[in-house]
Trainee: 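Here it is: the structure, laid out below.
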Amino acid sequence: MSTLTRQTFNEVMVPNYQPAAMIPVRGEGARFWDQQGHEYIDLAGGIAVNSLGHANPKLVAALTEQAGKLWHVSNVMTNEPALKLAKKLTQATFADRVFFCNSGAEANEAAFKLARLWGNKQAEGKNQIISFHNAFHGRTLFTVTVGGTPKYSQGFEPLPGNVTHLSFNDLAALEKAMSDKTCAVVMEPVQGEGGVTPATEEFVKGARDLCEKHNALLIFDEVQTGNGRCGHLFAYMGMGIVPDIMTTAKGLGGGFPIGAMLTTADLAETLAFGTHGSTYGGNALACAVAGAVFDEITGSEIMANVQARGDQLRAGLDAIGKRYGTFGASRGKGLLVGAPVSEAWKGRAKDIVNAGLAQGVWCLVAGPEVLRFAPPLNITEAEVAEGLKRLDAACAALCAQPKVANA
Ligand SMILES: *Cc1c(COP(=O)(O)O)cnc(C)c1O
């Protein structure tokens, strides 16, 4: 028996997280096992990160091959895996140029800095950034400021200025707030952390037009929606518009930390030599793994699987929600799926997650009132079915418990 337990966490770690009681030690595909050998179906994917499951043989091969060659040289030199990955990403997207970093927050930090630098050069005072309530863009000071959850920035003042928050999917509000002082509008194609809320087509297209009108940049935060998660390589590809800047991370490395900011050749000139940087960004190990992830997602039947498993998952969730009254109609895109808890279960999304863990299935919350699912993109039909069966058992167990007074 390991002497490392959840109690150890309290003794040696900063308390900014509250991890589950069990500790996973090994994974394979869409399953993983804890210290006691209990098996879990992974419908969370490490928060939309493990896009090809745990210990994927192709990713293990890419990582170990690169590990025997070259790990890191810093950006004083470039490296072959980074160049290969940048070629793949620019060939497959609107973008001509890539900046690599290590996380979603860093990718957004780069995007926001680019937008500010660009706007301030265009005209004096052109530095307003517009974002939306319930948006999530990361946990650095700039990204929590642009994000739409006030409790993530409260207490950290003074914050970077001239950031405006509007209601998501409210085109009239955006039209009213925008002016020639706006340098960028930033949005997630599907708000992930905020509750799995897709942007409407009208909103996205309207935002694109307004950005043209006011010479502002449209930034798509595809940290969570990108890399096949929503059924396209990037979600913008299914929305009939093209952003000026796109950020991604999470699924990009399939579990190896890497982030990227992508943009056009013109805009890339803004980040001239010396304006921005990252020691680890574009690290050879990370880029080798991300290159293998990219090949797998673009070269196989995975996109079709995302659609089919997404439909299967949503139908199954809707059936469970009806049976127990725990949550309402599901929403989302591809394998980024949300199920809002019903009135009777308000504030108890986390209870459902914990009941799921007790039955051997892992799902997430998105905000306090929405269950979120982001399984590996290559999860099988049988694995989704098994996960749903266990979630059904979790809801049955919860409903069988006597109601706590005033709960
Ligand atoms: C997770 C997430 C981020 C932050 O990514 P980190 O890697 O945690 O810094 C930013 N934007 C979106 C949309 C995300 O889902």
Side-chain angles (χ1 to χ4, degrees), residues 14 16-17 19 44-51 99-115 129-149 151-153 156 163 165 168-169 184-199 204 218-230 232 234-236 239 243 245-262 278 280-283 286 289-290 293 332-338 363-367 370-375 377:
V14 167
N16 62 314
Y17 303 118
I47 317 188
V49 165
N50 298 98
S51 39
F99 167 78
F100 287 123
C101 49
N102 314 290
S103 67
E106 283 175 86
N108 285 325
E109 187 83 17
F112 302 160
K113 282 178 74 179
L114 192 165
I129 293 179
I130 296 182
S131 103
F132 302 96
H133 300 308
N134 297 318
F136 185 77
H137 300 301
R139 295 293 203 131
T140 64
L141 196 58
F142 200 171
T143 55
V144 290
T145 305
V146 176
T149 302
K151 82 167 188 236
Y152 291 165
S153 58
F156 294 103
V163 176
H165 294 97
F168 193 51
N169 282 330
V185 174
V186 51
M187 69 168 79
E188 298 156 85
V190 179
Q191 285 191 335
E193 306 296 311
V196 193
T197 309
V204 168
L218 181 62
I219 303 176
F220 258 38
D221 178 347
E222 295 230 26
V223 169
Q224 188 156 169
T225 55
N227 310 292
R229 174 61 51 195
C230 292
H232 293 267
F234 289 99
Y236 84 83
M239 298 181 131
I245 299 177
M246 179 179 77
T247 57
T248 194
K250 291 202 166 87
L252 182 63
F256 200 100
I258 181 170
M261 184 210 57
L262 297 96
S278 159
Y280 276 130
N283 171 282
V289 177
V293 172
K333 275 194 179 162
L335 276 175
L336 182 56
V337 172
C363 59
L364 301 161
V365 296
V370 180
L371 287 176
R372 175 172 39 155
F373 303 84
L377 308 182

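Whatever order the structure lists them in is the order used to number ligands and atoms, beginning at 1.
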Trainee: What distance separates Glu106 CD from Thr140 OG1, expressed to the nearest 0.5 Å?
Mentor: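 Result: 8.5 Å between the selected atoms.
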Trainee: Is the distance between the ring centroids of Phe112 and Phe142 less than 6.0 Å?
Mentor: yes
Trainee: Is there a polar contact, in the sense of an N or O pair closer than 3.5 Å, between Asp221 and ligand 1?
Mentor: yes
Trainee: Under 4.0 Å from a heavy atom of Ser103: give me the atoms of ligand 1 that qualify, with their elements.
Mentor: 7 (O), 9 (O)
Trainee: Apply the side-chain hydrogen bond (donor to acceptor under 3.5 Å, both in side chains) test between His137 and each candidate in Thr145, Asp221, Thr143; give the one that qualifies.
Mentor: Asp221
Trainee: Give the ring-plane orientation class for His133 versus His165, where under 30° counts as parallel, over 60° as perpendicular and anything between as tilted.
Mentor: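 His133 and His165: parallel rings.
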Trainee: Could you tell me whether some N/O pair between Phe136 and ligand 1 is separated by less than 3.5 angstrom?
Mentor: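 Phe136 vs ligand 1: N/O contact under 3.5 Å present.
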Trainee: Would a 4.0 Å cut-off, counted as strictly less than, catch a protein heavy atom around atom 8 (O) of ligand 1?
Mentor: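 Looking at atom 8 (O) of ligand 1, one finds that no protein heavy atom lies closer than 4.0 Å.
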Trainee: What atoms of ligand 1 come within less than 4.0 Å of a heavy atom belonging to Ala105?
Mentor: 4 (C), 5 (O), 6 (P), 9 (O)
Trainee: What atoms of ligand 1 come within less than 4.0 Å of a heavy atom belonging to His137?
Mentor: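 In order of numbering, the contacting atoms are 10 (C), 11 (N).
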Trainee: Do Val223 and ligand 1 have an N or O pair less than 3.5 Å apart?
Mentor: no
Trainee: With Asn134, which residues qualify under side chain to side chain donor-acceptor pair (under 3.5 Å), at least two apart?
Mentor: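 In terms of side chain to side chain donor-acceptor pair (under 3.5 Å), with neighbours along the sequence ignored, Asn134 is linked to no residue.
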Trainee: Supply the atom-to-atom distance Phe256 CZ to Asn102 CG, rounded to the nearest 0.5 angstrom.
Mentor: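 With rounding to 0.5 Å, CZ (Phe256) is 9.5 Å from CG (Asn102).
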Trainee: Considering the heavy atoms of Glu188, write down every atom of ligand 1 situated less than 4.0 Å from one of them.
Mentor: 13 (C)
Trainee: For Asn108, which part has a heavy atom under 4.0 Å from ligand 1: side chain, backbone, both, or neither?
Mentor: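 Side chain only.
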Trainee: Quick check: Glu106 and ligand 1, any N/O pair under 3.5 Å apart?
Mentor: no
Trainee: Return the closest protein heavy atom for atom 14 (C) of ligand 1 as residue, atom name and distance.
Mentor: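 Minimum-distance protein heavy atom for atom 14 (C) of ligand 1 reads Lys250 NZ, 2.9 Å.
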Trainee: Polar-atom distance check: Gly104 versus ligand 1, any N or O pair below 3.5 Å?
Mentor: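 Between Gly104 and ligand 1 (N or O atoms, distance only) the closest approach is under 3.5 Å.
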Trainee: Just to verify, what does Ser51 make a side chain to side chain donor-acceptor pair (under 3.5 Å) with, not counting sequence neighbours?
Mentor: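 With sequence neighbours excluded, Ser51 shows a side chain to side chain donor-acceptor pair (under 3.5 Å) to no residue whatsoever.
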Trainee: Please name the residue in the list Gln191, Glu188, Glu193 that meets the side-chain hydrogen bond (donor to acceptor under 3.5 Å, both in side chains) test with Gln224.
Mentor: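 That would be Glu193.
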